[in-house]
Amino acid sequence: MMPIARETRFAPRAQIVRRRLLPVPGRVCVHVGDRVHPRDVVAEAEVAGVLRVVDVARAIRVAPGASVTRGTALASGGLIPRRVYAPCAGTIQGIEEGCVFIREEPRTLSLTAYVPGEVVETYPHRGVAIQATGALIRGAWGSGGEHEGWLVVAAQSPADALSWERVSLRHRGAILVGGMLDDPRTLCRASQFRLSGIVVGSLHPRLREACEQSWPAVIVTEGMGSIPMAEPLFDLLRSLHGSAAVLSGAPADNGGPPELIVPFSLDDEAAPMVAPRPLAVGVRVRLTREPYLGAVGQIVGLPESPQQTAIGTQTEGAQVRLSDGRKVFVPLGNLELIE
Amino acid sequence: MSESQPIESILAADIGSTLTHVCLLERVEGVYRFVAHAEMPTTLGGSENDVTIGLRQAIQRLEQVAQRDLLAGEELIIPEDEAGKGVDGFLATSSAAPPLECVLVGLTEDLSLESARRACMASQASVAEAIPIGVRGRRWDSETVSALREMPPDVVVLVGGIDAGPIVPLESAARILATIYQDVSARDRSLCIFAGNQEARRSVASVLSPVLEVRVVDNVRPSVGTESLGELQRELAETYARVKLAALPGYRRLARWSAPLAQRGLVPREDNGAQRPSAAPLPSPAILPTSEGLSATLRFIARRDGLTRGVLGADVGGTTTYIGAARSEIYQWATNASLGTSYGIDEVLEYSGLDNIERWLPVAMGREEIVSRLENARLRPYGVPQTMEDLLLTQALIRQALLLAMRRMRRQYWLPLDTRPEDDITPGFDLIAVRGGAIAHTPQDGLIALTILDAVQPTGLTRLVIDWASIWPQLGALARYAPLAAAQVLERDSFRELGTVVAPVGVTREGERALDLDIVRPDGASERVEIPGGTIRRFPLALSESVTIEVRPARHLDIGLGRKGVGGKAIVRGGNLGLIVDTRGRPLGLPQDKQLGRAKMQEWLGALIHDAHSP
């Protein structure tokens, strides 16, 4: 059977390359070979200021093209004499229908390195590629932006819920790891104490919206509901307890999944992160659909032809030996390569 | 392959938002046949952001299934060589591109903006914002203006005013839009479609054209009581193909692969090599929208079979649900972007609510469990249901996506806007043709049939077919270049026929007689059965068999003849499920009590999956 290529969901040690690109043409601030830290600015661009509208149904005292400073009188008059002032400095872009359109002064957009590493490529006017060595964990779901912090494993087991009592002021700036997240108070505390992020196996679906609106970045490795974190992944994170890490709850630059990176020394030897890799007999996989959702196993067979599932669907798949010893047939669409 | 030689083999791909399907078509003994099919996840986003990666994986799988080399490295072998490697032509349809993002600017919320919103909902477009500019509703606030400027939509739709009405508000809106976009570079300019008062066309276009690309179409509200959405929908569809599909990563390779067939299409030929008399140049985009391909197929079926009541087609995809209806020369359609069974789950949930999904489940499932399962299906859209609960939940989702899409279709084309709920009924069609990844992966025909009966709610006498090989859109695209090949494959290999449905319109009561049915077989053997209301009955009838049926409904029911209590005779063909009689009434009502509802769903499902009625 043809080997089906899949992305690895996590790797304990790999070469990771991240492209950092400006949304508009600008200036690249680093050179190939430079070593950068997460907060270093690698590129910047000048972007147009925000366009503001001031509704002035009175005698207008400015003209298109004019520059204004904050507080400049835009209009005055009417039955009850009253002035309307510019809410910001900028240029009058137009006056239509009694509305003054003010273009704020241009601002500078700074793009940081995000991942600590070495600049391996520059793209003139657009950005850079940074190479790092480290552990990589790709999430199934995420929220929030890019953050850095110390990894703190706050769970005893992969099924351990991250309760609110485990979040305290001493975790300020940390990335907290737990098995499951189902308590909104945990999120409140994480926001209150300004944690950098939370990494859990699963999230209760009613907390999805709260996560999207709250401060810390959240990465969910398995899915929604009450699914323990995959054991090999939990073991890896536990072994990295106390390490510096970066995470991105939003899709990465390339539109990929949310991720957690624990960088190692640049001088560490590591295999390049080759994606995708073929599914093959012997590789470890995570099962992503009921009734085996969250289970981890090893591929022991790749049948040549489509097989029938328990409910009668004919589909291509793999024979997987689960950690409890059972051998089950799993459709290819329900498998993820885990390392 | 020279220009005069017939095309021996064609690879036809459909690149969906979740799955990529490839079908191999070949000339076998002078007739084009479907040979093999394969599917792989679509590769869009992430590190594999190129649709041709997933396409090549699907072709590699097809090579194994068909035992034939099609690729040389990363390239498709075109034309087919003497050793039989490769294919003579390639074509693709796709629904993988995200919908067009539209901002609507209009005079009145409940008239012009509402019409524009309906046009977008029926197209491959999503409405990011609707800005009413009538005096009372003026919304040119800083937040709106900033969003318009910082994140320009793909399309600004400017509507408002009846024809021959005042034009000043529209000119004013045009000037404001011109002010907002005056410093946007030409590369980043949005398209503005003006679909308002015809009198304002010239002045609005002259104000906007220096800063936006402007297209003018018919007024969506030429008068207060008239709505005209066709032109705007056509323009949105054309823009989607031009802007969004052409931006799909991998488009260039697709263009290269499809060029040989497209070049032959410049001089359309019959498949015997004879040049057709009217050789007008055909458009040759690398990818045709899936909906356009499907619409060509549905129109062809309606014409070929002379279906007076027409054919209704439904495509439930991962992100988009499309409905098309072909009747004589009229084609009506609605594309519901963001309504689907994987990436489109959120919108189905938003518009339906959880209760309306739960009501279709024949088994008890906690609300939190339903949400978790749906969320996980959305996170991993390539997944295949492995448990009966997941399968039933997927079917419930398909029902709701179809119900919402059908409701929009009825409102837009078939029923007045103020239709009472009890009159919200699907008109009769001769054929209902359904397709989509989740449908094709459903293991039992009975389950698919019940989903269609519940969601589309056919009336009268209707045949049900499904696109088991995911090939209908590609055949529509192929018909532009090789109509005979498309027709031959469609005729012989592309349908899975579920059977014929008889469904009376009206309210039925359980236990009370709904209709009497006589079945007369060709050998003269006959059966007579009285069927009560609130049931589904199945009568085995092979695809090759035809029988004469006579239906006599109760006096308050209409079997599609437009008159209550009037019976009729018809010759019907069988299918995998045979003849199905659905006396649950139209519109379909479900029990309010959840436990009772589950019991009824089990009963109806059982009737289609297990029990065939023997009188």
Side-chain angles (χ1 to χ4, degrees), chain A residues 1-2 4-5 7 47-48 50-55 64 87 93-97 99 101 103 140-141 202-206 208 220 222-227 251-252 254-257 273 275-276 288-293 304 308-317 330-334 336, chain B residues 19 38-41 43-49 53 57 60-61 63-65 133 138 140-146 148-150 169 172-173 175-176 178-180 182-184 368-391 441-444:
Chain A
M1 184 178 149
M2 183 187 73
I4 308 300
E7 277 192 356
V47 292
V50 172
L51 189 61
R52 293 228 203 175
V53 185
V54 184
D55 197 343
Q93 181 148 323
I95 300 166
E96 291 296 338
E97 288 293 292
C99 291
F101 292 77
R103 160 80 59 211
W141 182 87
S202 58
L203 177 77
H204 195 289
R206 71 163 183 268
R208 180 183 146 192
V220 176
E222 313 299 316
M224 299 292 173
S226 301
I227 316 159
N254 59 3
M273 189 77 190
T288 59
R289 194 98 188 202
E290 298 281 2
Y292 312 114
L293 176 61
E304 288 282 333
Q308 199 169 50
T309 65
I311 58 168
T313 311
Q314 284 284 339
T315 180
E316 290 167 47
V330 184
L332 292 181
N334 301 352
E336 280 179 358
Chain B
L19 292 172
E39 67 180 31
M40 279 287 160
T43 43
L44 202 55
S47 60
E48 297 182 304
N49 192 25
I53 295 174
Q57 289 174 351
Q60 285 168 354
R61 181 70 194 127
E63 285 178 320
Q64 288 189 321
V65 174
I133 53 170
R138 186 168 62 190
W140 295 111
D141 54 84
S142 281
E143 198 181 326
T144 304
V145 167
S146 176
L148 278 175
R149 175 63 186 79
E150 304 311 317
S172 162
R175 282 197 300 273
I176 289 175
T179 302
I180 293 170
Q182 64 178 246
D183 56 348
V184 174
E368 285 182 359
E369 192 185 348
I370 294 174
V371 175
S372 294
R373 284 176 188 258
L374 292 178
E375 290 271 3
N376 288 323
R378 188 176 58 83
L379 290 178
R380 295 182 169 100
Y382 313 125
V384 177
Q386 256 183 286
T387 62
M388 194 45 84
E389 289 81 3
D390 261 2
L391 182 64
H441 284 140
T442 303
Q444 289 105 344

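Model, not experiment: these values are computed from the prediction. The chains referred to below are lettered A, B, ... by the order of the sequence lines, with proteins before strands, and numbering in each begins at 1.
Chosen from B:Arg378, B:Arg380, B:Glu150, the residue pairing most often with chain A at heavy-atom distances under 4.5 Å is B:Arg380. Contacts with chain B were tallied for A:Gln93, A:Arg103, A:His204, A:Arg52; A:Gln93 has the most, counting heavy-atom pairs under 4.5 Å. Note on A:Arg206, A:Glu222, A:Gln314: by heavy-atom pairs under 4.5 Å with chain B, the leading option is A:Glu222. The candidate with the highest count of non-hydrogen atom pairs below 4.5 Å against chain A, out of B:Glu63, B:Gln182, B:Arg373, B:Glu39, is B:Gln182.
Minimum interatomic distance between A:Ser202 and A:Gly225 (heavy atoms only, all atoms of both residues): OG-O, 3.3 Å. Residue B:Leu379 comes nearest to A:Ala140 through the heavy atom pair CD2-O, 3.4 Å, listed as atom of the first residue, atom of the second, then distance.
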Note to self: Under the criterion side chain to side chain contact (heavy atoms under 4.5 Å, CB included), I'd like the reasoning laid out for B:Ser372 against B:Glu369: C-alpha separation, chi angles, the key distance, then a yes or no.
What the structure shows: CA-CA 5 Å; B:Ser372 294; B:Glu369 192 185 348; 5.6 Å; no
Next item on the list: Please assess A:Thr309 against B:Val384 for the test side chain to side chain contact (heavy atoms under 4.5 Å, CB included), listing each intermediate value before the final yes or no.
Entry: CA-CA 10 Å; A:Thr309 65; B:Val384 177; 5.5 Å; no
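With a threshold of 4.5 angstrom between heavy atoms, B:Pro381 does not approach chain A through any atom at all. Proximity to chain A involves both the backbone and the side chain of B:Ile180, based on heavy atoms less than 4.5 angstrom apart. Using a 4.5 Å cut-off between heavy atoms, B:Gln386 touches chain A through backbone and side chain atoms alike. Using a 4.5 Å cut-off between heavy atoms, A:Val330 touches chain B through backbone and side chain atoms alike. Using a 4.5 Å cut-off between heavy atoms, A:Gln308 does not touch chain B at all. Residue A:Leu203 does not touch chain B at all, counting heavy-atom pairs closer than 4.5 Å.
The salt bridge (Lys or Arg N to Asp or Glu O under 4.0 Å) check on B:Glu143 picks up nothing, with sequence neighbours excluded. When the salt bridge (Lys or Arg N to Asp or Glu O under 4.0 Å) test is applied to B:Arg149, the partners found at least two apart in sequence or on another chain are B:Asp183.
No side-chain heavy atom of B:Glu389 sits under 4.5 Å from any side-chain heavy atom of A:Glu290.
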